[in-house]
A.B. asks: 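This is the structure I want to talk about, given as structure tokens.
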Number of protein chains: 2
Amino acid sequence: MKQQEVFRALADPTRRAILKRLQKGALSAGGIGALFDITGASLSHHFGVLKAADLVRTERRGRSIVYSLNTSVMEDLTRMVLDLIPATHRHGEDQ
Amino acid sequence: MKQQEVFRALADPTRRAILKRLQKGALSAGGIGALFDITGASLSHHFGVLKAADLVRTERRGRSIVYSLNTSVMEDLTRMVLDLIPATHRHGEDQ
DNA sequence: TATATACTTAGACAATCGTCTAAATATTGC
DNA sequence: GCAATATTTAGACGATTGTCTAAGTATATA
């Protein structure tokens with residue numbers, strides 16, 4: 001699990017917005033692109049960062065490439081963050 | 001709550017290590033400095049980023065400045081991260 | 001097979017980042 | 001008040017980042 005890549009990926013607001021959108025379901029690169037006012041090339045760069053962190057998975061579907069959340073790494077992320085928080089202040093966690 | 005500053009602060013491994021160390025209790029700038037192989041000036045820069053994100057609090061104690069975790073923002077952090085994760089995959093959370 | 005569509009890669013650019021050294025500021029104890 | 005200690009600020013540096021345009025690659029369809 002690439003902790004550094006994960007935290008780095010989360011540091012950018014566009015990438016966080018992409019992840020939030022993918023919560024609602026998988027979406028093609030173009031579909032995601034329609035939601036942001038940046039070029040496809042820039043988006044593709046963000047996809048690369050998210051993939052390097054293993055936060056998203058891709059699947060080609062015809063002409064499109066469909067992005068979806070990699071939920072197992074999302075769970076790792078929860079643990080990484082909880083790990084930064086003193087046990088006594090965790091939310092919805094005991095011990 | 002400064003979401004962008006918080007995620008940015010977490011993107012650096014030294015800053016995450018500082019936060020982890022502060023879980024064990026408050027520590028002076030110098031005490032923290034003894035744990036890392038970078039100059040005090042660089043450390044001070046990291047403290048600035050952590051303070052901008054409201055992740056740490058400071059208190060002058062004599063000649064030293066003592067750093068401690070700001071646990072309330074730590075809790076906000078938990079929520080911010082959980083917010084990125086689909087409800088069905090949250091850890092220790094219902095709904 | 002040619003053309004259109006959907007993405008990615010390459011290369012450039014300004015802005016931000018993490019680090020450093022050197023100088024400045026604040027506090028303590030003599 | 002002065003010297004020592006503790007930390008921050010200023011300014012510089014190379015490295016990385018997010019963005020862009022232009023060119024490349026892959027798939028589908030006429």
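This structure is a prediction, so every number in the text was calculated from the model and none was measured. Chain naming here is simple, since letters A, B, ... match the order of the sequence lines and numbering starts at 1 in each.
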A.B. asks: Please list, by residue number, the residues of residues 56-63 of chain B whose heavy atoms come closer than 4.0 Å to an atom of DNA chain C; answer none if no residue qualifies.
C.D. replies: B:R60, B:G62, B:R63
A.B. asks: Does a side-chain heavy-atom distance below 4.5 Å link A:T58 with A:I65?
C.D. replies: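 The answer is yes; the side chains approach within 4.5 Å.
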A.B. asks: Can you confirm whether A:L19 sits close enough to A:V56 that some side-chain heavy atom of one is under 4.5 Å from a side-chain heavy atom of the other?
C.D. replies: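 Sidechains of A:V56 and A:L19: in contact.
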A.B. asks: Is there a side-chain contact between B:H46 and the phosphate of C:dT19, meaning an N or O under 4.0 Å from OP1 or OP2?
C.D. replies: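 Yes, such a contact exists.
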A.B. asks: Below 4.5 Å, heavy atoms only, C-beta onward: do B:L22 and B:I32 meet side chain to side chain?
C.D. replies: yes
A.B. asks: Taking DNA chain D as the partner, which of residues 25-39 of chain A come within under 4.0 angstrom of it by heavy atom?
C.D. replies: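 Residues of residues 25-39 of chain A that come under 4.0 Å of DNA chain D are, in numerical order, A:I38, A:T39.
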A.B. asks: What is the distance, rounded to the nearest whole Å, between atom CZ of B:R8 and atom C1' of C:dC17?
C.D. replies: 7 Å
A.B. asks: For DNA chain D, whose closest nucleotide is more 5', that of A:V49 or that of B:S44?
C.D. replies: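 That would be B:S44.
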A.B. asks: Compare all side-chain heavy atoms of B:L50 with those of B:L55 and state whether any distance is below 4.5 angstrom.
C.D. replies: yes
A.B. asks: Without decimals, in angstroms, what is the distance between B:H45 NE2 and C:dT19 C1'?
C.D. replies: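 Whole-Å distance recorded here is 8 Å.
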A.B. asks: In whole angstrom, what separates B:F47's CZ from C:dG18's C1'?
C.D. replies: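 Going from CZ in B:F47 over to C1' in C:dG18 covers 14 Å.
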A.B. asks: If I compare all heavy atoms of A:L10 with all of A:R16, which pair ends up nearest, and what's the gap?
C.D. replies: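 Minimum heavy-atom separation between A:L10 and A:R16: O-NH1, 2.7 Å.
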A.B. asks: With no hydrogens and no angle check, just 3.5 Å: does a side-chain donor-acceptor pair link A:T78 and A:D76?
C.D. replies: no
A.B. asks: Check whether any side-chain heavy atom of A:L35 lies under 4.5 Å from a side-chain heavy atom of A:L27, and answer yes or no.
C.D. replies: yes
A.B. asks: Just to be sure I understand the rule, does B:S64 reach a base, reach only the sugar-phosphate, or reach nothing, if contact means heavy atoms closer than 4.0 Å?
C.D. replies: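 Here B:S64 touches the backbone only, sparing every base.
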A.B. asks: Given atom NZ of A:K51 and atom P of C:dC7, what is their separation to the nearest angstrom?
C.D. replies: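 Atom-to-atom, A:K51 to C:dC7, this comes out as 12 Å.
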A.B. asks: Does the side chain of B:H45 reach to within under 4.5 Å of the side chain of B:V49, using non-hydrogen atoms?
C.D. replies: yes
A.B. asks: Nearest heavy-atom pair of A:A26 and A:V66: which atoms, and what distance?
C.D. replies: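 In this case the closest contact between A:A26 and A:V66 is CB-CG1, 3.6 Å.
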A.B. asks: I'd like to check A:Q4 versus B:P13 (side-chain heavy atoms, cut-off strictly below 4.5 Å). Are they in contact?
C.D. replies: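 Answer yes - side chains close enough.
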A.B. asks: Over how many whole Å does the gap from A:L43 atom CG to C:dT8 atom C1' extend?
C.D. replies: 12 Å
A.B. asks: With the side chain counted from C-beta on, respond yes when B:M80 and B:F7 share a heavy-atom pair under 4.5 Å apart, and no when they do not.
C.D. replies: yes
A.B. asks: Using the closest heavy atom to pick a nucleotide of DNA chain D for each, name whichever of B:Y67 or A:G40 lands nearer the 5' end.
C.D. replies: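 Closer to the 5' end of DNA chain D: B:Y67.
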A.B. asks: Reading DNA chain D 5' to 3', which nucleotide is the first, and which the last, to come under 4.0 Å of any heavy atom in chain A?
C.D. replies: D:dT17 to D:dT29
